[in-house]
J.: 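Here it is, the structure, as C-alpha cells.
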Protein chains: 2
Amino acid sequence: MPRIVDHAERRREIVVAVWAIVARRGFEGVTLRAVAAEAGISVGRVQHYYSSRTELVRDGCRRMLEEARAGFAARTESLPPLERLRALVHRAVPTTPEWALGTIVWQAYQAKSVDDVAIAGMVTDAHTAAVQQAAGFIDDARRDGTLPDGDDPAALALRLLATSEGYAARVIAGSLDADDALRALDRDIDALRG
Amino acid sequence: MPRIVDHAERRREIVVAVWAIVARRGFEGVTLRAVAAEAGISVGRVQHYYSSRTELVRDGCRRMLEEARAGFAARTESLPPLERLRALVHRAVPTTPEWALGTIVWQAYQAKSVDDVAIAGMVTDAHTAAVQQAAGFIDDARRDGTLPDGDDPAALALRLLATSEGYAARVIAGSLDADDALRALDRDIDALRG
DNA sequence: ACCATGGCAATACACTTGCACTGTAAAAAC
DNA sequence: GTTTTTACAGTGCAAGTGTATTGCCATGGT
C-alpha cells in the first residue's frame, strides 16, 4: 500500500466544494468540473473518491447532517435542557454568512428529496431525530422544574422546529431579519413557561 | 395579422408542464426538450413563446403566484375573516396529490431564490404580501369581535405562516401527516382567542 | 532493489444541452 | 389574388455533461 492519504479528509474537501456551489448556484451548478474547480483539484481526483455524481451529492447530505449533529452536541452538551432546546430551535436561522451557507444547503437538500429517495430518507430521519431530541429537552426541563407540565412534548417540539424552519426560509429569501426571527422564537420558547 | 391564438393560454400550457417536471425532477430536469415532451408539443413552440429557458422558469414562478392569489381570493371572498385566515394558513399544507404539486413547486422556487434575483424578488414580495393579508384578517376579526385584542397582528401572522410552511416542508418530505399538520395549525389559530 | 498498488491527472467519448436558424403553412390585410 | 405576418416544426451546432479509460508517479511492502 503506497502513499497513504486521509480518505475522510479528502472527501470532506470535495464535499465542502459541493456545498459552496449548491449555496451559490443550486444543484444545477453541481457538475464534476465545477466541483473540481471550486476545490482546486482535478476532475480525476473527484472521480477517484466518488464513483458517480449522484453518490457525491448524497454524501454531501450525509456529511452535512453528521457535522451538524456533532457540532450541536459539542456546543451544547454542558448547557441546561432549556438552553439546549433554544440552541436547537435557533439552529435553522442563519445569523452569519458562513452559517447561512449551511442553512441554504439544507433547504436545497430538502427540496431535492422529491427526486432522490436516498436523500429523502436522510431528510425524514433528520426531521424525526430533531423532534425527538427537542421533545427530550422539554421533558428534561420539566423534570428538573425549569418548565411546568403542559401539552405533549413531541407536539410542542414539532411546532417550535417547524416555526423555526419557516422563519429560516424567509431569512434566507431575504424577507425577514435574522434577529427578528430569533427574538420571535425566544418568545415562543418563553411561552412554554405558561 | 394571421392565425390568432390565445397567447396567455399557450404560455399556461407550457408553464404547467414546467411545474410538473419541477415537482418530479426539480429544476435540473427542466430542459426545453423535457418541457416540450411533457406538454406534448415541439421544442420550437416552446421557443416561440419563451426567448430563453431562464425566462420560462421565471414566468412559471410569476404565474404560479398569480394563480394562487386569484384562486385564494375566489375561494374565500365570502368567508368571515377568521376563516379566511385559516384558509391562508392551511394553504401551504398539501392535502391532495394535485395540491402537493403546487406546494412542492413553491418550495423549489423558494430554494431557487439563491441563484436568480428575479425569482428572489417574487418570493419576498409573496412573503410580505401574505403576512400583510393575514394580519389584515386578524385585524378584521378583532374589529367584528370574533377575536379579542392581543399581540401585534403582523407578528402573529408571520408566526402562523412560518409554522405552516415549516409543517408543509415536513409533509412534503414525508415526515409528517398532512392532517396532523392542519390540526396543529387549527390549535394555533384557536389559541388566538386567548 | 524491486514492483505492485494506490493516488491521482489527462484525455477520450458518447450524449445532452440551450439556442439559432431554417422552412412552411395558414390566415388576416389589402 | 397578392402580400405580409404569425405560428409553429425541424434541424443543426457549439458548448457542456457524466463517465470510462489510460498513463504516470510516488511509495509502501518484500
Side-chain angles (χ1 to χ4, degrees), chain A residues 1-22 24-63 108-109 112 115-119, chain B residues 1-22 24-63 108-109 112 115-119:
Chain A
M1 281 200 191
R3 196 127 66 112
I4 273 179
V5 300
D6 186 341
H7 274 227
E9 174 57 24
R10 287 278 137 93
R11 285 181 199 253
R12 208 192 102 86
E13 285 172 23
I14 298 172
V15 153
V16 165
V18 171
W19 295 341
I21 294 172
V22 169
R24 284 204 311 270
R25 324 219 185 270
F27 283 106
E28 294 178 79
V30 180
T31 71
L32 294 188
R33 287 169 239 274
V35 171
E38 176 75 28
I41 60 179
S42 73
V43 177
R45 182 133 129 201
V46 178
Q47 284 195 108
H48 185 69
Y49 288 99
Y50 291 101
S51 62
S52 74
R53 191 194 100 115
T54 317
E55 207 204 323
L56 168 60
V57 168
R58 287 177 180 172
D59 195 49
C61 186
R62 217 171 296 137
R63 280 168 186 273
Y109 271 113
K112 191 160 181 58
D115 76 310
D116 188 322
V117 288
I119 289 177
Chain B
M1 281 197 190
R3 194 126 69 113
I4 273 179
V5 300
D6 186 341
H7 273 225
E9 175 56 26
R10 289 270 192 264
R11 285 181 200 254
R12 208 192 101 85
E13 285 172 22
I14 298 172
V15 154
V16 165
V18 171
W19 296 340
I21 295 172
V22 169
R24 284 204 312 268
R25 325 223 184 265
F27 284 107
E28 292 178 81
V30 180
T31 70
L32 294 188
R33 286 170 239 271
V35 171
E38 176 76 27
I41 60 178
S42 72
V43 177
R45 182 132 131 199
V46 177
Q47 282 190 268
H48 184 70
Y49 287 99
Y50 291 101
S51 62
S52 74
R53 190 194 100 113
T54 315
E55 207 205 323
L56 168 59
V57 168
R58 287 177 181 171
D59 195 49
C61 187
R62 217 171 295 136
R63 280 168 187 272
Y109 271 114
K112 191 159 180 59
D115 76 309
D116 188 322
V117 288
I119 289 177

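Treat the numbers as computed from the prediction; the structure is a model and nothing was measured. Below, chain A is the first sequence line, B the second, and so on; all start at residue 1.
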J.: Identify the two heavy atoms, one from A:A34 and one from A:G29, that lie closest to each other, and give their separation to 0.1 Å.
T.: CB-O, 3.5 Å
J.: According to a strict under-4.0 Å criterion, is A:H7 in side-chain N/O contact with OP1 or OP2 of C:dG7?
T.: yes
J.: At a heavy-atom distance below 4.0 Å, what parts of residues 9-18 of chain B sit against DNA chain D?
T.: B:R10
J.: May I have the distance from A:D6 (atom CG) to C:dG7 (atom P), rounded to whole angstrom?
T.: 11 Å
J.: For B:V35 versus B:V46, what's the shortest heavy-atom pair and its separation?
T.: CG1-CG2, 4.4 Å
J.: Hey, does the side chain of B:Y49 come within less than 4.0 Å of D:dC8's phosphate (OP1/OP2), counting only N and O?
T.: yes
J.: Are there any protein N/O atoms within less than 3.5 Å of an N/O atom in nucleotides 10-17 of chain D, and if so, which ones and at what distance?
T.:
none

J.: By the 4.0 Å heavy-atom rule, please label B:Y50 as base, sugar-phosphate, or nothing.
T.: nothing
J.: Looking only at heavy atoms, what is the nearest atom pair of B:V22 and B:A108, with distance?
T.: CG1-CB, 3.6 Å
J.: What heavy-atom pair brings B:V57 and B:I119 nearest, and what distance separates the two atoms?
T.: CG1-CD1, 4.0 Å
J.: Would you say B:H48 reaches D:dC8's phosphate, i.e. side-chain N/O to OP1/OP2 under 4.0 Å?
T.: no
J.: Looking for any heavy atom pair under 4.0 Å, which part of the strands does B:S51 touch: base, sugar-phosphate only, or nothing?
T.: nothing
J.: Is the closest basic N to carboxylate O distance between B:R25 and B:E38 below 4.0 Å?
T.: no
J.: For B:R45 and D:dA7, what is the distance between atoms CZ and P respectively, to the nearest whole Å?
T.: 11 Å
J.: Ignoring hydrogens and angles, tell me if any N or O in the side chain of B:R53 forms a donor-acceptor pair with the backbone of B:V30 under 3.5 Å.
T.: yes
J.: Return the value, rounded to whole Å, for the distance between atom CD1 of A:I41 and atom P of C:dA10.
T.: 12 Å
J.: Within this structure, what is the CD-to-P distance between B:E55 and C:dC19, rounded to whole angstrom?
T.: 10 Å
J.: With heavy-atom distances below 4.5 Å as the criterion, would you say the side chains of A:Y49 and A:V15 are in contact?
T.: no
J.: Could you tell me which non-hydrogen atom of B:D115 sits nearest to which non-hydrogen atom of A:R24, and how far apart they are?
T.: CB-O, 3.2 Å
J.: Work out which heavy atom in B:A8 is nearest to a heavy atom in B:R63; give both atom names and the distance.
T.: O-NH1, 3.6 Å
J.: Rounded to whole angstrom units, what separation is found between the CZ atom of B:F27 and the P atom of C:dG18?
T.: 14 Å
